[in-house]
Amino acid sequence: MFEKILVANRGEIAVRIIRACKELRVSTVAVYSDADRSSLHVSMADEAFHIGPPAPGESYLVMEKIIDAAKRSRAEAIHPGYGFLSENAAFAGMCESEGIVFIGPTAQSIRLMGDKITARKIALKAKVPLVPGTDGAVTDVEAGGAAKKIGYPVMIKASAGGGGKGMRLVRKAKEFSAALGMARSEAHGAFGDDSVYIEKYIERPRHIEIQVIGDSHGKVLHLFERECSIQRRHQKVIEEAPSGFISAKTRKQMGEMALRLAKAVKYRGAGTVEFIMDQKENFYFLEMNTRVQVEHPVTEMVTGLDIVKWMIRTAAGQKLPFKQSDIKMNGHSIECRIYAEVPEQNFMPAPGRVEYIRAPSGPGIRNDSSVYSGFEVTPHYDPMISKLIVWAGDRTEAIDKMRAALDEYIVLGVKTNIGFLTRLFKEAEFGRAEIDTGYIERHPELLKAQLADLEPALAAAALGMRNATREVEEPAAQTRSNWKSFARRLAVSRSQAL
Ligand code: ADP
């Protein structure tokens, strides 16, 4: 096992990795930008190195700075987390040539899977089902004809794609060329590469992915599926394991396909093979993410395996000591991402100071976060406050637990999506697992802010007043409605005092 690991990330995932290291008795090194001086990952790590200004391009994304911090601290390995340098083959290669272990797959595996067109070719060779589409990138001249041949509706997708960028749905031929132009310019802006390919659009698709893990001795196992069909702007909001939809037969097939693909690139570490599924349970390979995913906790909850620890152990050369048939799923787990954002304004980020935060706790509740009372959610990074994860015996129970947990979640000072999530978990359709990636768009009523959503804002104002007047006790019970009445009481006592 390593003695010291550098964590090349920030936020909840940096905290998550540092916790795993502590449990493994490994020392940790944090890196931080100016905006993260008082971040939790910095105070939790044994050492911390300042790496520059807030902009990721000047700090977390600068490979030389990260390598330099690793060398100065004599860290033997780097965990990249997700985002930032996690899927950067050049960075993995740089670690390899500097004699630092990159906690993830080899630079070669990342290179092969990082480009969606190359990944499609590998999948084709490994006989993994693919969404019908073009064999490779298309020129402007070829594109229209290809779309017609595939048949509308089609998706235009960036070869270098990620995070839903450079992707366009086109329903009619006459809308095609405008959409092509937009997809190219978005891809160019986001990835510096404007090559695109075309795929058949799958109607009412579900997003189902398989977690895989490999060691450096040739063993690759899968940890079953996660369903991430509830998305906004092609980004996941709610994830669960197992899927509330697929049959045991489909589950088995998907696991086998994912392993076939992972073996084709001699995969090491944790990875995810993403599939898109139609309403008849036909599934097609979308892409492979060669890193730990945001939603890995739901798989941990149902399998009892600590994915981050296994990433570290396999990177250190340890063998996976179990076989496929040893891995079982138990119960049901759901994660939702709590964001500082305004759902009714197209999920616009709402950074600001979190005046007060109180996360729910109790049996089967896990909150992965790096936010504390007084923490500043900055506009420089993703405005995620936390990932709230529940585990229960079955899906219905897990939904009920999530509803109750959300009711206990108090975040004051910034706008959040908690009200929106609460409404979503109350919907009967969601309860019946009748979900697909267009669910949120089909339910505009979820986006309408309700009076209840204002509680935290009201209570934040009240909290500020309380600090000044010390007139009214903070509520002892921990639900959002308690906070609302607290705010009212305070407002009344204030007006009486005035
Ligand atoms: P990215 O790498 O940008 O996240 P993906 O290829 O993983 O892009 O696709 C992201 C999401 O976009 C999917 O989860 C799905 O909701 C939607 N999507 C992608 N391809 C298709 C398709 N061919 N048909 C329908 N929806 C699609």
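Ligands are counted one by one from 1 in listed order, and the atoms in each one are counted from 1 as well.
Salt bridge status for Glu300 with Arg366: present, with a side-chain N to carboxylate O gap under 4.0 Å. Salt bridge absent: Glu441 and Arg232 never bring a charged side-chain N and a carboxylate O closer than 4.0 Å. Look at Lys448 and Glu344 and you find no salt bridge, because none of the NZ, NE, NH1 or NH2 atoms lies under 4.0 Å from a carboxylate O. Ion pairing between Lys426 and Asp400 fails under the 4.0 Å rule for side-chain N and carboxylate O. Look at Glu256 and Lys252 and you find a salt bridge, because one of the NZ, NE, NH1 or NH2 atoms lies within 4.0 Å of a carboxylate O, short of that distance.
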When you pair each N or O of ligand 1 with protein N or O atoms, which pairs come out under 3.5 Å?
residue	atom	partner	partner atom	Å
ligand 1	2 (O)	Lys116	NZ	2.8
ligand 1	2 (O)	Glu287	OE1	3.4
ligand 1	2 (O)	Glu287	OE2	2.8
ligand 1	3 (O)	Gly162	N	3.4
ligand 1	3 (O)	Gly163	N	3.2
ligand 1	3 (O)	Gly164	N	2.6
ligand 1	6 (O)	Lys116	NZ	3.0
ligand 1	6 (O)	Lys157	NZ	3.0
ligand 1	7 (O)	Glu274	OE1	3.3
ligand 1	7 (O)	Glu287	OE2	2.8
ligand 1	8 (O)	Lys116	NZ	3.1
ligand 1	12 (O)	His234	ND1	3.3
ligand 1	14 (O)	His207	ND1	2.8
ligand 1	14 (O)	Gln231	NE2	3.0
ligand 1	16 (O)	Gln231	OE1	2.9
ligand 1	20 (N)	Lys157	NZ	2.8
ligand 1	23 (N)	Glu199	OE1	2.9
ligand 1	23 (N)	Lys200	O	2.8
ligand 1	24 (N)	Ile202	N	2.9

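Across every non-hydrogen atom of Arg395 and Gly244, the tightest pair is CD-CA, 4.1 Å.
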